[in-house]
Amino acid sequence: MATSTNSKARLATVWLGGCAGCHMSLLDLDERIVDLLALVDLVYSPVADIKKFPEGVDVTLVEGACCNSDNIHMAREIRLKSKQVVSFGDCAITGNVPGMRNRLKVENILSEVYADGPGPAPPAQGGLPVLLAKVLPLHQVIPVDVYLPGCPPSPERIWLAVTAMLKGEPVELPAEMRTLG
Amino acid sequence: MANLAGGPTAGTVKGEQSVMNVMNRQELLEMAQSELDRQNTFRCRLLICASTPCISSGALAVEDAMRKAVEAEGLQTEIEMVGTGCLGPCSRGPLVTVQVQEEPDVIYERVTVELAPQILAKHLKGASVPELDARMLSYDWPFFAKQKKLVLSESSTLNPERIESYVARGGYMALGQVLREMTPEEVCAEVAKSGLRGRGGAGFPTGLKWDMVRKAPGERKYVVANGDEGDPGAYMDRTLMESDPQRVLEGMAIAGFAVGAEQGFIYVRGEYPLAAKRLEKAIRQAERRGLLGSRILDSKFNFRIDIRMGAGAFVCGEETALMQSIMGRRGQPVPRPPYPANRGLWGGPTLINNVETFGNIICIILKGADYYASFGTDKSKGAKIFALAGKVNNTGLIEVPIGITLREIVYEIGGGIRDCRPFKAAQTGGPSGGCIPAEHLDAQMDYETLQKLGSIMGSGGLIVMDDQSCMPDVARFFMEFCMDESCGKCGPCRGGTVQMHRILSKITNGSAIMEDLDTLEDLCLLVKETSLCGLGNTCPNPVYSTLRYFREEYESHIKDHYCPAGVCQFTEKPLRSA
Amino acid sequence: MSVVTLTIDDKLVSAPANTSLLSSIQEQGIDIPTLCHLKGLSERGGCRLCVVEMEGNPRLFASCVTPVAEGMVVRTNTAKLLKYRQMMIELLMAQRNHVCAVCVQNGHCELQTLAAKLGVTSVRYDYMCPDLPMDASHERYVIDHNRCILCARCIRVCDEVEGAHTLDMGGRGVQSRVIAGMNQPWGTSRSCTGCGKCVQVCPTGALFKKGSSAAEMVKQHDFLTWILDGREKKIWHWR
């Protein structure tokens, strides 16, 4: 894979609307984390303290669904700055658990959660991202290159997919490793 | 001179009771003659179209006004008022035909309550009524002159509620001839020779179907007439059932004889109460005279017909779903084979034809297969009824020889596009059909040509559109219809129609991207090729054909948020750019 | 019994006349996807996943409801068929709220397994997210309409094997729903014998035993062969 100056691929991981379980699973690579870090520079991640999504990323793993305006904004930025985008786990792929609110009206959810019961939603305060009417899978917001299903995807799936991508190979998971759920 | 009805206007019940239950050919002829004699006792006959379109534009009030005028003048014995079947130019109703002895018939359009008495004044007293003269429709008018009425030949002069009226015009002569002179094989052969093809839309050769049911082994066989017409804008079957119900019954009885069935069902769309009422009356009158029931016309042939009403599901027009519905089950299609001809109602071989198909049989038997086959094209014979609607000057019901060009229908019969706007497309076959663009205006209206153009003959809906119609929006309209009417049994149709509708909505509201067009096309193919029944197999046609001829219109909606017809409001934005 | 010969994926095979094409295909060991089909129940021809290409015919045929015929030449696994099957699975997944992660049948679900097998890792269509109820009024079982794919196995087994015909289909199109009795809470249906056959034949987590939590529901289909073999062939051992 074409890489940046120090010949290591630039990997980013992003946490949108999800439970961080996919990132936990990533960390569950255990000692293979070391092997992975030998192959890549982790240029952006919730586990690293980097404030701004950098330019020229080779692979970005996106965990979570798009639930609010900030998620949409972030997704678009990722797409602009990444060569390959991976829908990392079920939430990014289907909406999954965050998407279970999609059958309900967003105003009702807000008032149910933050006020007391059905009624008008509390007024939005300046600067807070706006909840979307429907939680969206990532590929409905930006084009996605690779889907890595699972809730969470097992470390084996992650390892297979990421190493294949780093070698510039197509990601071909066996049937039992591409189940949703 | 026997007056069967006992009086000029009322009293049919008395007449009915005086007739014996079994009738032979001689008595049938006598009945015809006495009805003709009765009609001839009137100096003048006022025929008021009593079909649903004319009724909805006020025919009943006009009839009432006329009746009062007749009574006021004391002319009840000189003038007969008849509620008839459909004349055709439905948008010009109420329509009144005046028949004065020794004078040519005159038709008036848009007759009002105020004008009704004036008709009497004009025709009986020679008064000059310029307002009426302006409303005269000439028989030379292309709307009438270009038609060839084989099925609706009598509908404009018949009283659909009196069997005598039908018999006087040769009714039940075909059945009599078949019972007396022909074998079932010969009937099937004659129908096959005529080249008649199913008028429900698919165009299967009728004679072949009859012969298949005739040959199919089975103790009990059935004949079913499909009157569950559901296409938006189409009302051919309704009109036939309302205007000339006996013709359908006679056609079914002939079919029953040909295939060896003793029971027929006529399945009437639930939204057609008038058709059902007239059919019910027709069946009762025919049974009372031994023209249906046991030992018909003194032969050994028995045939009963019962009515089954639909309950509003479009899919029940599909033959397997229709039969499920007749049997009292959920109206959903079942996979074929077995085909109805082998195993239909209650496992028995079943002949199922459209009511219009049955309507063609009388002409074939009485005038001969060769006469019938002299109309139409090589592969499609006879005439076809279309419900001409949309942006033409003359809308209504027309029966034209198959093979007539679309241009003749639009510009001669239809009188051209309203407000002299350009013709854009004609949609045939309703939600199962497609659009024919202007470059194919000279296409012949026959089964093969229409199919080649990506549309279908269908049951006969014909909607003409001008440049103010937006094709993606038209496609969306039909897809919404199919989505609502999909029965839900098979996955591709159930889910596919919803998703196709969603994409079409996105295209028309501005939130689609070009990729959606590929998804849409893929769905069209999926639903067309993998659905269980005809509804699914054909419902992508409106989308597919508009994509074929008006792709640039779709693209301008998506890429430029521009609707050439000015119909679509682009209120949304796409979420994704590419 | 007469026998016909036909060609399945370039292989000449013979099959008893009047049997379904699907059974011939399966006999060849070909793994053809099905959802509404279940051995022991009447064929519905609804899911259309088992469609095959037939030489000399532009149409596709659902093999479960197509009888074998002499000289038939069929293909069961072309690129077009795979694409269509993927689309059908995606349409099903978009129709209701299939959230595998929290489903009682996660890991044992036929829809989930088929999706993975056919390579469906995402759904290209918009999710419809219908607001559907769950009926837990029955003392032992629950029906969750969010996970139902309308295969009607439950309806058929209830009618054909148990003979109760408690379940049927209500509504139409995408609004169709499995209903109990006269569209009443399942628990109030007097015809339901509580036999649980419907639960066992359900391919997804739409029908499950009360008290099952995520991924705990595993279903057994072999009871069906056992009952039917006993009834029809007097064979009374598990096969």
Side-chain angles (χ1 to χ4, degrees), chain B residues 311-316 320-321 329-338 480-503 505-506 511-512 515-516 518-537 539 575, chain C residues 18 20 35-36 42-53 57-67 69 80-81 83-96 111 123-128 130 148-152 155 168-179:
Chain B
F314 176 69
V315 76
C316 284
T320 59
R329 299 176 194 161
R330 180 176 163 88
Q332 268 190 338
V334 288
R336 298 174 303 188
E480 183 171 3
F481 179 86
C482 291
M483 172 180 78
D484 289 340
E485 294 297 344
S486 167
C487 77
K489 181 168 179 174
C490 78
C493 177
R494 181 177 71 230
T497 50
V498 175
Q499 294 296 345
M500 285 192 282
H501 177 257
R502 223 165 236 242
I503 295 173
S505 301
K506 282 186 180 175
S511 60
E515 206 180 291
D516 289 328
D518 300 331
T519 313
L520 180 64
E521 269 179 295
D522 281 349
L523 276 171
C524 283
L525 286 175
L526 172 84
V527 175
K528 181 186 160 127
E529 291 185 35
T530 63
S531 292
L532 170 63
C533 83
L535 192 157
N537 298 145
C539 75
L575 208 57
Chain C
N18 299 323
S20 80
L35 269 178
C36 66
S42 66
E43 297 296 0
R44 178 170 167 88
C47 75
R48 315 304 282 178
L49 280 166
C50 67
V51 284
V52 294
E53 287 180 21
N57 201 317
R59 286 177 48 215
L60 299 178
F61 291 80
S63 59
C64 64
V65 289
T66 305
K80 175 164 125 179
L81 290 174
K83 181 177 169 187
Y84 282 176
R85 286 169 185 157
Q86 288 172 336
M87 289 166 74
M88 291 182 210
I89 294 281
E90 288 175 49
L91 285 174
L92 286 177
M93 304 230 278
Q95 240 167 70
R96 301 245 166 143
L111 180 65
V123 174
R124 69 193 88 175
Y125 310 113
D126 288 359
Y127 287 96
M128 295 172 60
C148 175
I149 56 166
L150 300 171
C151 68
I155 295 172
D168 210 321
M169 198 68 86
R172 74 170 178 231
V174 82
Q175 318 285 351
S176 304
R177 208 190 282 175
V178 172
I179 55 169

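Below, chains carry the letters A, B, ... as their sequence lines are ordered, and counting in each starts from 1.
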Visitor: First locate atom CD of E53(C), then atom CD of E529(B), and finally report the distance between them rounded to the nearest 0.5 Å.
Guide: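 Reported to 0.5 Å precision, the distance equals 8.5 Å.
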Visitor: Using the side-chain contact (heavy atoms from CB on, under 4.5 Å) criterion, which residues pair with N57(C)? Sequence neighbours excluded.
Guide: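 For N57(C) the side-chain contact (heavy atoms from CB on, under 4.5 Å) partners, ignoring immediate neighbours, are M54(C), R59(C), F61(C).
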Visitor: To the nearest 0.5 Å, what is the distance between OG on S531(B) and CG on L60(C)?
Guide: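 Atom-to-atom, S531(B):OG and L60(C):CG are 10.5 Å apart.
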Visitor: Looking only at heavy atoms and a cut-off of under 4.5 Å, which of A313(B), P337(B), C490(B), G496(B) has the most pairs with chain C?
Guide: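 Among A313(B), P337(B), C490(B), G496(B), the one with the most close pairs to chain C is C490(B).
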Visitor: Please rank P58(C), C151(C), C47(C), G171(C) by heavy-atom pairs under 4.5 Å with chain B and give me the top one.
Guide: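 Ranked by heavy-atom pairs under 4.5 Å with chain B, first place is G171(C).
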Visitor: Could you go through D168(C) and R330(B), starting from their C-alpha distance and side-chain angles, then the distance that decides it, and tell me whether this counts as salt bridge (charged side-chain N to carboxylate O under 4.0 Å, His left out)?
Guide: CA-CA 10 Å; D168(C) 210 321; R330(B) 180 176 163 88; 5.6 Å; no
Visitor: Heavy-atom distance under 4.5 Å to chain C: side chain of Q332(B), backbone, both or neither?
Guide: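 For Q332(B), the contact with chain C is made by the side chain alone.
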Visitor: Which one, R336(B), M483(B), K506(B), leads in non-hydrogen pairs under 4.5 Å with chain C?
Guide: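 Most heavy-atom pairs within the cutoff with chain C belong to K506(B).
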Visitor: Looking only at heavy atoms, what is the nearest atom pair of D522(B) and K83(C), with distance?
Guide: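 Residues D522(B) and K83(C), closest heavy atoms: OD1-NZ, 3.1 Å.
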Visitor: Using non-hydrogen atoms only, which part of L150(C) is less than 4.5 Å away from chain B: side chain, backbone, both, or neither?
Guide: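 It is both, since atoms from each part get that close.
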Visitor: Please round to the nearest 0.5 Å and tell me the distance separating atom CD1 of I503(B) and atom OH of Y125(C).
Guide: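 That separation rounds to 7.5 Å.
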Visitor: Determine the option with the most heavy-atom pairs under 4.5 angstrom with chain C, choosing from T497(B), V334(B), L523(B).
Guide: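 Most pairs with chain C among the choices: L523(B).
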Visitor: For chain C, find which of P492(B), G491(B), C493(B) contributes the most heavy-atom pairs closer than 4.5 angstrom.
Guide: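 The candidate making the most pairs under 4.5 Å is P492(B).
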Visitor: I need the minimum non-hydrogen distance between L532(B) and G45(C), along with the two atoms involved.
Guide: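 Reported closest heavy-atom pair: CD1-O, 4.0 Å.
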Visitor: Just so I know, are the side chains of L92(C) and R494(B) near enough to count as touching, which here means a heavy-atom distance under 4.5 Å?
Guide: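 Sidechains of R494(B) and L92(C): in contact.
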Visitor: Do L91(C) and L526(B) come within less than 4.5 Å of each other through their side chains, counting heavy atoms only?
Guide: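 A side-chain contact exists here, since the closest heavy-atom pair is under 4.5 Å.
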Visitor: Is R172(C) reaching over with its side chain to a backbone N or O of K489(B), donor-acceptor style, under 3.5 angstrom?
Guide: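 Not at all, since once roles are kept as given, no pair shorter than 3.5 Å links the two residues.
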Visitor: Identify the two heavy atoms, one from A94(C) and one from Q499(B), that lie closest to each other, and give their separation to 0.1 Å.
Guide: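 Looking at all heavy atoms of both residues, the closest pair is CB-NE2, 3.7 Å.
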Visitor: Under the rule for ring-ring contact (aromatic ring centres under 6.0 Å, His included), what residues qualify as partners of F481(B), not counting sequence neighbours?
Guide: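 Only F314(B) meet the ring-ring contact (aromatic ring centres under 6.0 Å, His included) criterion with F481(B).
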Visitor: Can you tell me how far apart CZ (R124(C)) and OG1 (T519(B)) are? Round to the nearest 0.5 Å.
Guide: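 Result: 7.0 Å between the selected atoms.
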Visitor: So which of D126(C), V51(C), V174(C), T66(C) has the largest heavy-atom pair count under 4.5 angstrom toward chain B?
Guide: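 Option with the greatest count: D126(C).
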Visitor: Looking at D518(B), I want to see if its CG is surrounded by more than 12 non-hydrogen atoms of other residues, nucleotides or ligands under 6.0 Å.
Guide: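 It does: D518(B) CG has more than 12 such atoms within range.
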Visitor: What I'd like to find out is whether the side chain of M87(C) reaches to under 4.5 Å of the side chain of T530(B), using heavy atoms alone.
Guide: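 They are not in side-chain contact.
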Visitor: Between I149(C) and chain B, which part of the residue has a heavy atom less than 4.5 Å away: side chain, backbone, both or neither?
Guide: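 I149(C) touches chain B through backbone heavy atoms alone.
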